[in-house]
**Q** 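Can you read through this structure? Questions will come right after.
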Amino acid sequence: MKQIFRLDIVAQEGDFDRISGLLTLGVSFGWEEESLATGETRFRVHCEQEDFLQKLRESVSRAAPETHCTLEALEAQDWLSAWRQFFTPVCCGSRFVVLPPWLAESPDFPGRTPVLIEPKSAFGTGHHATTALCLGVVSDLLDQGRIASGQTFLDLGTGSGVLGIACCKSGLSGLGLDIDPLAVDNALENRELNQVSGFDAALGGIEAAVGRSFDLVLANILARPLMELAPAVAAARKPHGCLVLSGLLEIQADGVEAAYKAQGLPTARRVIEGEWCALVWE
């Protein structure tokens, strides 16, 4: 069994957004959050790579000097067994269900397409609202006939590959991009687990797709990068294709939508889940 390391980050209320944004950009495999009685928030990151967590601690300390960080090695244990205790299937839209491998043959979800995700590295298991939101939108677009088998997709910030795999299982083919090499490795592992073809997961940002256009563009990242990348992301969408942007809070939607309207796009449809929002051009 591999050694696991844990970084605890205890942040004051005023540093919450700063730390949350830093983790979203740098820790695509996920973290835990706990509100403390002191009004502070504890962020907890687990990883097999101690040097990764050490660099993350240094980045946090630079961004928020008053934040308290603790890095420690944990006793070896069967982490897959630990995952089995709380990993629950996630139904998304009318079509998909995200499952761990040990539930691959479950009869409990008739009529749904299973997307198998190995949860040992949580780069996107469908449990986060933005991932489930995107899968639900993809399901709706398929139901409406706006996307269909034989078409192409770009999944920017692919993470575990969950969105790309769902698209491939629906007959599309395309490219998943991520700036985190660990995420790309996880996406490729899940591609093999699902035995899908037509899904190319690669290291890189939107620049890796320059010169290509797609019937469906998915970008489940942060609001600021979505705005900064608006010209390139909008250009990756074929004329009359679909574009889905997520990873943003509802209060951020106006700013992100404005950046894409500046590229000539019309008003987006908004899909809201709690405090999260997806912008959909269809």
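Since the model is a prediction, treat every value here as computed from it, not as a measurement.
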**Q** Side-chain contact test, heavy atoms from C-beta onward, threshold under 4.5 Å: evaluate it for Ser94 versus Asp143 and give yes or no.
**A**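 In short, these two side chains touch, coming nearer than 4.5 Å.
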**Q** Has Lys169 got a side-chain atom pairing as donor or acceptor with Pro114's backbone, closer than 3.5 angstrom?
**A**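 At least one qualifying donor-acceptor pair exists.
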**Q** For the backbone of Val196 and the side chain of Asn194, can you confirm whether one donor and one acceptor N or O come within less than 3.5 Å of each other?
**A**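 Between the backbone of Val196 and the side chain of Asn194 there is no qualifying donor-acceptor contact (under 3.5 Å).
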**Q** Could you check whether any side-chain heavy atom of Phe109 comes within less than 4.5 Å of a side-chain heavy atom of Leu99, counting everything from C-beta outward?
**A**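 The answer is yes; the side chains approach within 4.5 Å.
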**Q** Given side chains that start at C-beta, do those of Asp140 and Glu282 come closer than 4.5 Å, heavy atoms only?
**A**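 No, every pair of side-chain atoms sits at 4.5 Å or beyond.
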**Q** Can you confirm whether Glu228 is buried at CD, in the sense that more than 12 heavy atoms of other residues, nucleotides or ligands lie under 6.0 Å from that atom?
**A**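 Yes, enclosed.
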**Q** Check the hydrophobic clustering (I, L, V, M, F, W, Y; side-chain heavy atoms under 4.5 Å; chains of links allowed) and say if Phe52 and Ile179 are grouped together.
**A**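 Different clusters.
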**Q** Do Met227 and Leu222 land in one hydrophobic cluster if side-chain heavy atoms of ILVMFWY residues count as linked below 4.5 Å?
**A**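 Hydrophobic grouping puts Met227 apart from Leu222.
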**Q** Would Thr70 and Asp8 count as having a side-chain donor-acceptor pair, cut-off 3.5 Å?
**A**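 There is no such pair (donor and acceptor under 3.5 Å, judged by atom type) between the side chains of Thr70 and Asp8.
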**Q** As a quick check of understanding, evaluate side chain to side chain contact (heavy atoms under 4.5 Å, CB included) for Thr67 and Ile19, giving each step before the final call.
**A** CA-CA 9 Å; Thr67 298; Ile19 301 303; 4.2 Å; yes
**Q** Is there side-chain contact between Leu193 and Pro101, with at least one heavy-atom pair below 4.5 Å?
**A**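 Yes, close enough: below the 4.5 Å cut-off.
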**Q** Between CG of Leu141 and SG of Cys242, what distance do you get to the nearest 0.5 Å?
**A**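 The SG atom of Cys242 is 5.0 Å from CG of Leu141, to the nearest 0.5 Å.
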**Q** Assess whether a salt bridge exists between Asp215 and Arg146, defined as any Lys/Arg side-chain N lying under 4.0 Å from an Asp/Glu carboxylate O.
**A**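 No, no charged N to carboxylate O under 4.0 Å.
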**Q** Might you point out which heavy atoms bring Glu257 and Ala268 nearest each other, and give the distance in Å?
**A**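 So the two residues come closest at OE2-N, 2.7 Å.
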**Q** State plainly whether the residues Glu34 and Arg44 are in salt-bridge range, i.e. N to O under 4.0 Å.
**A**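 Result for this pair is no, no salt bridge flagged.
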**Q** Under a 4.5 Å side-chain heavy-atom rule over Ile, Leu, Val, Met, Phe, Trp and Tyr, are Tyr260 and Phe214 clustered together?
**A**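 Yes; tracing contacts between hydrophobic side chains, which count when under 4.5 Å, links both residues.
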**Q** Would you name the heavy atoms of Leu156 and Ile221 that are closest together and state the gap between them?
**A**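 Taking Leu156 first and Ile221 second, the nearest heavy atoms are O-CG2, 4.0 Å.
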**Q** Looking at Val184 and Ala201, what are the two nearest heavy atoms and their distance?
**A**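 Smallest heavy-atom distance, with atoms named: CG1-O, 4.0 Å.
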**Q** Would you say the side chain of Leu36 lies within less than 4.5 Å of the side chain of Thr41, judging by non-hydrogen atoms?
**A**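 They are not in contact (no side-chain heavy atoms under 4.5 Å apart), so the answer is no.
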**Q** Given 3.5 Å as the limit, does a donor-acceptor pair link the side chain of Gln195 with the main chain of Glu192, or not?
**A**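 Absent.
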**Q** Under a 4.0 Å threshold between the charged nitrogen and the carboxylate oxygen, would Glu72 count as salt-bridged to Arg6?
**A**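 Between Glu72 and Arg6 there is a salt bridge, with a charged N closer than 4.0 Å to a carboxylate O.
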**Q** For Asn186, is there any backbone N or O sitting under 3.5 Å from a side-chain donor or acceptor partner on Asn190?
**A**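 Yes, Asn190 side chain to Asn186 backbone: donor-acceptor pair under 3.5 Å.
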**Q** Centroid-to-centroid, Phe16 to Phe43, below 6.0 Å?
**A**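 Ring-ring flag for Phe16/Phe43: true, centres closer than 6.0 Å.
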**Q** For a side chain to side chain contact (heavy atoms under 4.5 Å, CB included) check, start with the C-alpha distance between Cys167 and Phe199, then their side-chain angles and the critical distance, and finish with the verdict.
**A** CA-CA 9 Å; Cys167 287; Phe199 180 34; over 6 Å; no
**Q** Restricting to non-hydrogen atoms, name the atom on Leu154 and the atom on Ala236 that form the minimum distance, rounded to 0.1 Å.
**A**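 Smallest heavy-atom distance, with atoms named: CD2-CB, 4.1 Å.
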**Q** For Val233 and Leu243, what are the C-alpha separation, side-chain angles and deciding distance, and is it a side chain to side chain contact (heavy atoms under 4.5 Å, CB included)?
**A** CA-CA 9 Å; Val233 172; Leu243 171 62; 3.8 Å; yes
**Q** Shared ILVMFWY cluster between Leu133 and Leu142, side chains joined below 4.5 angstrom?
**A**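 Same cluster.
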**Q** Would you find a donor on one side and an acceptor on the other, under 3.5 Å apart, between the side chain of Glu40 and the backbone of Thr38?
**A**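 Here the side-chain-to-backbone pair does not exist.
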**Q** Hey, could you give me the CD/NE2 distance between Gln12 and His68, rounded to the nearest 0.5 Å?
**A**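 NE2 of His68 is found 12.0 Å from CD of Gln12.
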**Q** Taking atom CH2 of Trp281 and atom CZ of Arg237, what is their separation to the nearest 0.5 Å?
**A**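 The CH2 atom of Trp281 sits 8.5 Å away from the CZ atom of Arg237.
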**Q** Which heavy atom of Ala253 sits nearest a heavy atom of Leu248, and at what distance?
**A**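 For Ala253 and Leu248, the tightest heavy-atom pair comes out as CA-CD1, 3.5 Å.
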**Q** Look at atom CD of Glu58 and say whether more than 12 heavy atoms of other residues, nucleotides or ligands are closer to it than 6.0 Å.
**A**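 Enclosed.
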**Q** Answer whether the closest heavy-atom distance between the side chains of Leu279 and Cys277 falls below 4.5 Å.
**A**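 The answer is yes, as the side chains (C-beta and beyond) meet within the 4.5 Å cut-off.
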**Q** Hey, does the side chain of Asp178 reach the backbone of Gly159 with a donor-acceptor pair shorter than 3.5 angstrom?
**A**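 Confirmed, Asp178 side chain pairs with Gly159 backbone.
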**Q** Taking atom types as modelled, is there a side-chain donor on Asp17 or Ser20 under 3.5 Å from an acceptor on the other?
**A**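 Ser20 and Asp17 do not have a side-chain donor-acceptor pair below 3.5 Å.
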**Q** Check the pair Val98 / Val162 against side chain to side chain contact (heavy atoms under 4.5 Å, CB included), numbers first and verdict last.
**A** CA-CA 8 Å; Val98 183; Val162 59; 4.1 Å; yes
**Q** Give, for atom CG of Leu56 and atom CG of Leu23, the distance between the pair rounded to the nearest 0.5 Å.
**A**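 It comes to 6.0 Å.
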**Q** Between Asn220 and Gly247 (side chain of the first, backbone of the second, donor and acceptor by atom type, cut-off under 3.5 Å), is there such a pair?
**A**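 Present.
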**Q** State yes or no: do Leu218 and Ile147 share one hydrophobic cluster built from I, L, V, M, F, W and Y residues joined by side-chain heavy-atom distances below 4.5 Å, directly or via other members?
**A**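 Leu218 and Ile147: one cluster.
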**Q** Mind checking the CD-CD1 spacing from Glu189 to Ile117? Nearest 0.5 Å is all I need.
**A**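 The distance works out to 9.5 Å.
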**Q** Can you name the nearest heavy-atom pair linking Val271 to Arg269, along with the distance?
**A**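 Nearest heavy atoms, Val271 then Arg269: CG2-NH1, 3.4 Å.
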**Q** Hey, is the main chain of Leu135 close enough, under 3.5 Å, to the side chain of Ser139 for a donor-acceptor pair?
**A**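 No, the answer is negative, given that no donor and acceptor are paired below the 3.5 Å cut-off.
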**Q** Could you measure the distance from the CG atom of Leu116 to the CD1 atom of Ile165? Nearest 0.5 Å is fine.
**A**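 Going from the CG atom of Leu116 to the CD1 atom of Ile165 covers 8.5 Å.
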**Q** Flag the pair Leu71 / Gln54 as yes when at least one side-chain heavy-atom distance between them is below 4.5 Å, and no otherwise.
**A**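 The answer is yes, as the side chains (C-beta and beyond) meet within the 4.5 Å cut-off.
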**Q** Does atom CD of Glu105 have more than 12 heavy-atom neighbours from other groups under 6.0 Å away?
**A**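 Check fails, neighbour count at 12 or below.
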**Q** Given 3.5 Å as the limit, does a donor-acceptor pair link the side chain of Arg112 with the main chain of Phe96, or not?
**A**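 Indeed, once roles are kept as given, a pair shorter than 3.5 Å links the two residues.
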**Q** If only atom types and distance count, is the side chain of Trp31 paired as donor or acceptor with the main-chain N or O of His46 below 3.5 Å?
**A**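 Here the side-chain-to-backbone pair does not exist.
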